[in-house]
Amino acid sequence: MPSIFDKPYEPKEHEENIYRIWEESGFFNPDKLPPPTARQAGNREKTFTIIMPPPNANGHLHAGHTLFITLEDIMTRFERMRGKKTLWIPGADHAGFETQIVYERELEKQGRSRFGMDPQKLYEEILTFTLENKKYMEADVRAMGASCDWSREKFTLDPEIIRETQRTFKQMFDDGLVYRGNRIINWCQKHQTSLSDVETEFREQNDPFYYIKYGPFTIATSRPETKFGDKYVVMHPKDERYKEYKDGQRLEVEWINGKITATVIKDEAIDMAFGTGVMTITPWHDAVDFEIAERHGLEKEQIIDWRGKLLPVAGEFAGMKIKEARSKIVEKLKEKGLLIKIDENYQHNVKVCYKCENLIEPQIKEQWFVKMKPLAKLAIDAVNDGKIKFIPENYKKIFLYWMENTIDWNISRQIVWGIPIPAKLCEKCGVGFPDLENKINKCPKCGGEAVADTDTFDTWFSSGQWPYLVLGYPDNKDFKTFYPTDIMETGHDLIFRWVPRMVIFGLYRAKIIPFHTVYLHGLVNDAKGKKMSKSKGNVINPLELSKKYGTDALRIGLIVGNTPGTDLALSEDRIRGYKNFANKIWNATRFVLMNSSDIDRSKKPEITVEDQKLLDELKMISEDVTTDMENFRFYLAAEKLYHYFWHAFADKIIEASKEKIKNEDKSIILSAKWTIFEILSISLKLLHPFMPFITEKIWQEMGNKKLLMVESWPATADKQK
RNA sequence: GCGCCCUUAGCUCAGUGGUAGAGCGUUCCAUUCACAUUGGAAAGGUCGGAGGUUCGAUACCUCCAGGGCGCACCA
């Protein structure tokens, strides 16, 4: 059995064992916490709850996960030591779209493809794959020292989660908040699914910009291949240049494949200053055009199919891929004398899939949508009323801006890996309606045959409900005890994807905010501050750092100086420095134990004035650190403790004690020994949330019967003392 | 285009209305001492630029420059 007298400190010899002791103690479970100490009295009635953002079950943790686990564990251990009834619930995310993509790559390696596979078989394969990988993720969470309650762990595809998610859909449909609409959506041709707006990104790109003759007008476009069906020409109603053309006026124009009849439309969406101030519209493949068409009741026609090939409307170009068709169409326009000029350096933003970075093709598709305006109102009010706080505060503004400008949310996905949308669609009249029990076969409207919707929910539709679902809403007593939760700690990149959905669903379904505080951490980048990515080859594996330098060193290295919301540059040197700190704690302890084994710790001796000053000083630091922790300034608390332990306790106090214990006056010796032992004990408690393994290990070596993780926090918090 | 954030020591970053700190790195010295995963010391910054508020600004305000991030109207 490794002990304190081995040197130096070797984290990997202790960590696994310590975690096992914690887990077997049952204290991760708030129902099994020991009775409160005198200092903790009164606090055990208060709960402290964090729902862990469930890591993807499809593989190992990455650096971002280790940061959030550390932060949440710090909060949890701190509040547990303060005596609160502390619950931190772990979870595992099926991560719909993301996992399906990961599995598609697996299939590709095997020379297979999901297209053409039986959906049920594909689902089962992905499920097997995910459950297999879930173990690795969980082992990693344990390796990080997470003091979460595994007995309450939930998977996002657990039957009760699916059931309640589907019930929410039904309830929203009944309340008129979910509707089936034929609207423009983001279509990823590679993944063959629609995506919500937060699942797309903009990419800046240079493309040729074509100026084309359209009857008496000149229009400009970067996408001539979509223009076949353009029979509406739009201009601003106040544009003097075109005042001779009246709204609704018809014109005969020569177009790509011959003569067509064009209709003039006046709409204020047109920017008079851009290009020629005139454009033709393609409502099926452009969001702005779609809106214009909706406003004026115009016809819409699909030009490009779901695989990115031109449809018969393109005449001789039908069946061609976009890229091939574009140059040929331009060639033909030139021959016909319709091409006026080409601007070769046109810079614009294009929408791409956030996963594969392929171009998004806007398409009109019949999908389920959530009506956001009334729901967003609930969230806006809750935040404006101060019911939900943001750390750092400026995210409140960002959150509100997004909520105030939100648009209806497409929740249908054409992928199998997810929660099925419990709905039926009429094959005859096209109407869609929920059917939770899967019992309805006839359309209630026209009597036509109703078939099951094969789509699944957007992952965020279910993960947005996670806080109350994981607590067993509506019937479980955990929901009544622990909801609303205290903190939602997550990455600032999820400020739109996840946080607003949780607030909305919480307020809508559970009728209460899901959490009081949103703490947003920054992203973990490489040592130079560059985003980690496999293609750049700069990915740092946190678990390797943990093995090499110890989890405690990794944890405190991630925390010191890392202010909320700010991205972190993670370098190996940084972590190595904190391994030295762990060793410092180890050696200081050895000195203290070697020099205090002969004192009776149960009897406080006379303390000299000088030693009392040291204890008072530590008391002040404890209070200061506690205030920092209460205000989420972990980066400061950690740094202060580091500094105190090393440069005050080890460098000064211990050094001075060496003289004192050589004194002839026995009472001075006794006071000195008692004091350094006391300072060590208090320091270990203060350091425990940050560096749980080594502090717990030492605590046990010091002969304490109780686990440090449930000891009392040594400062003010309880002012009754 | 709009919004948010950042600019402080070689690097990564804290911080405060009274002319600056940490970690890592660098240089010099020490070493049978709990610890060489160490101790002691040192070098190193006109706190992005300009203006304003103030007795006083790195900190508060305005503008400018550079960098990062986010965003559903430029065909």
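Naming: A, B, ... by sequence-line order, numbering from 1 per chain.
As rounded to whole Å, 20 Å separates atom P of B:G1 from atom CE of A:Met272. Nucleotide B:G23 holds its P atom 15 Å from the CG atom of A:Leu641, rounded to whole Å. Computed from coordinates, the A:Lys548 NZ to B:U37 P distance equals 15 Å when rounded to whole Å. Distance, A:Arg633 CZ to B:G15 P: 10 Å, rounded to whole Å. Here B:C73 presents its P atom at 17 Å from CD of A:Glu268, a figure rounded to the nearest Å. Protein atom OH of A:Tyr642 is 11 Å distant from nucleotide atom P of B:A22, rounded to whole Å. One can place CZ of A:Arg183 at 14 Å from P of B:A72, the figure rounded to the nearest angstrom. Straight-line distance from the CD1 atom of A:Ile559 to the P atom of B:G23: 18 Å, rounded to whole Å.
B:G44 sits 14 Å from B:G21 when the C1' atoms are compared, rounded to a whole Å. On the C1' atoms, B:A42 is 36 Å away from B:A50, given to the nearest whole Å. One C1' atom belongs to B:U7, the other to B:A14, and the distance between them is 14 Å to the nearest Å. With both ends at atom C1', the span from B:A43 to B:C4 equals 39 Å, rounded to whole Å. B:C60 and B:C2 have their C1' atoms separated by 26 Å, given to the nearest Å. Taking atom C1' on both nucleotides, B:G40 is separated from B:G10 by 23 Å, rounded to a whole Å. Atom P of B:C11 sits at a distance of 32 Å from the matching atom of B:G3, rounded to the whole Å. Only the C1' atoms considered, B:U58 is 15 Å distant from B:C6, to the nearest whole Å.
Side-chain proximity of A:Phe496 to B:G40, B:G70, B:C73: nearest is B:G70. Side-chain proximity of A:Phe202 to B:A72, B:G40, B:G15: nearest is B:A72. Comparing atom distances between the A:Lys584 side chain and each of B:U37, B:A72, B:C35 picks out B:C35 as nearest. Ranking B:G39, B:U37, B:A14 by closeness to the A:Glu639 side chain, first place goes to B:A14. When distances are taken from the side chain of A:Val288 to each of B:A14, B:C73, B:C74, the shortest belongs to B:C73. Side chain of A:Arg576, nearest nucleotide from B:A72, B:G25, B:A34: B:G25. Here B:C33 is the nucleotide among B:A72, B:C24, B:C33 with the atom lying nearest to any side-chain atom of A:Lys658.
A search for ring pair (Phe, Tyr, Trp, His ring centres under 6.0 Å) contacts involving A:His236 returns nothing, not counting sequence neighbours.
For the residue pair A:Thr589/A:Glu701, the side-chain donor-acceptor check at 3.5 Å is not satisfied. With no hydrogens or angles considered, no side-chain donor-acceptor pair links A:Tyr644 and A:Glu617 at under 3.5 Å. Using modelled atom types and a 3.5 Å distance limit, the side chains of A:Ser222 and A:Asp207 yield no donor-acceptor pair.
Although no hydrogens or angles enter the test, the distance criterion places no donor-acceptor pair under 3.5 Å between the side chain of A:Asp567 and the main chain of A:Val524.
Screening A:Asn562, A:Val560, A:Ile74 for a side-chain contact (heavy atoms from CB on, under 4.5 Å) with A:Phe634, the sole residue that qualifies is A:Ile74.
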- Pairs counted as Watson-Crick or G-U wobble with both distances under 3.5 Å: what dot-bracket string results for RNA chain B, using | for bases tied to another strand? (((((((..((((....[..)))).(((((.......))))).....(((((..]....))))))))))))....
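Salt bridge A:Lys371/A:Asp408: absent, no basic N to carboxylate O contact under 4.0 Å. Under a 4.0 Å N-O distance rule, the pair A:Arg223/A:Glu361 qualifies as a salt bridge. The pair A:Lys300-A:Asp289 does not meet the salt-bridge criterion, since no charged nitrogen lies less than 4.0 angstrom from a carboxylate oxygen. Between A:Glu659 and A:Lys662 there is a salt bridge, since a side-chain N of the basic residue sits under 4.0 Å from a carboxylate O of the acidic one.
Toward the 5′ end of RNA chain B lies the nearest nucleotide of A:Phe649, the other residue of the pair A:Phe649 and A:Ser222 mapping further downstream. Two residues, A:Asn587 and A:Asn580, neighbour RNA chain B, and the one matched to the more 5' nucleotide by heavy-atom proximity is A:Asn587.
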Interface polar pairs with nucleotides 4-12 of chain B, N/O, under 3.5 angstrom:
from, atom 1, to, atom 2, distance (Å)
B:C4, OP1, A:Lys397, NZ, 3.2
B:C4, O2', A:Asn394, ND2, 2.9

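A:Tyr354 and A:Phe97 have tilted rings, their planes meeting at an angle from 30° to 60° on a 0 to 90° scale. Using cut-offs of 30° and 60° for the angle between ring planes, the A:Phe581 and A:Tyr642 rings count as tilted.
A:Glu655 comes within 4.0 angstrom of a base, heavy atoms only. No contact: A:Phe581 has no heavy atom under 4.0 Å from any strand. Residue contacts for A:Asp573: at a heavy-atom cut-off of 4.0 Å it reaches the sugar-phosphate backbone alone, with no base atom in range. Nucleic acid contact for A:Thr221: sugar-phosphate only, since backbone atoms but no base atoms lie under 4.0 Å from a heavy atom of the residue. Across all strands shown, A:Thr563 has heavy atoms under 4.0 Å from sugar-phosphate atoms exclusively, and none from any base. Nucleic acid contact for A:Asp651: sugar-phosphate only, since backbone atoms but no base atoms lie under 4.0 Å from a heavy atom of the residue. If you check every strand for non-hydrogen atoms under 4.0 Å, A:Ile219 touches nothing. Within the 4.0 angstrom heavy-atom criterion, no nucleotide atom of any strand lies near A:Gly522.
Note that A:Lys584 lies outside the cation-pi zone of A:Phe649, set by a 6.0 Å cut-off to the ring centre and a 45° limit from the axis.
For B:G39, the OP1/OP2 oxygens have a side-chain nitrogen or oxygen of A:Trp646 closer than 4.0 Å. The phosphate of B:G70 has neither OP1 nor OP2 within less than 4.0 Å of any side-chain N or O from A:Tyr395. Between B:G23 and A:His647, a contact under 4.0 Å exists linking OP1 or OP2 to a side-chain N or O.
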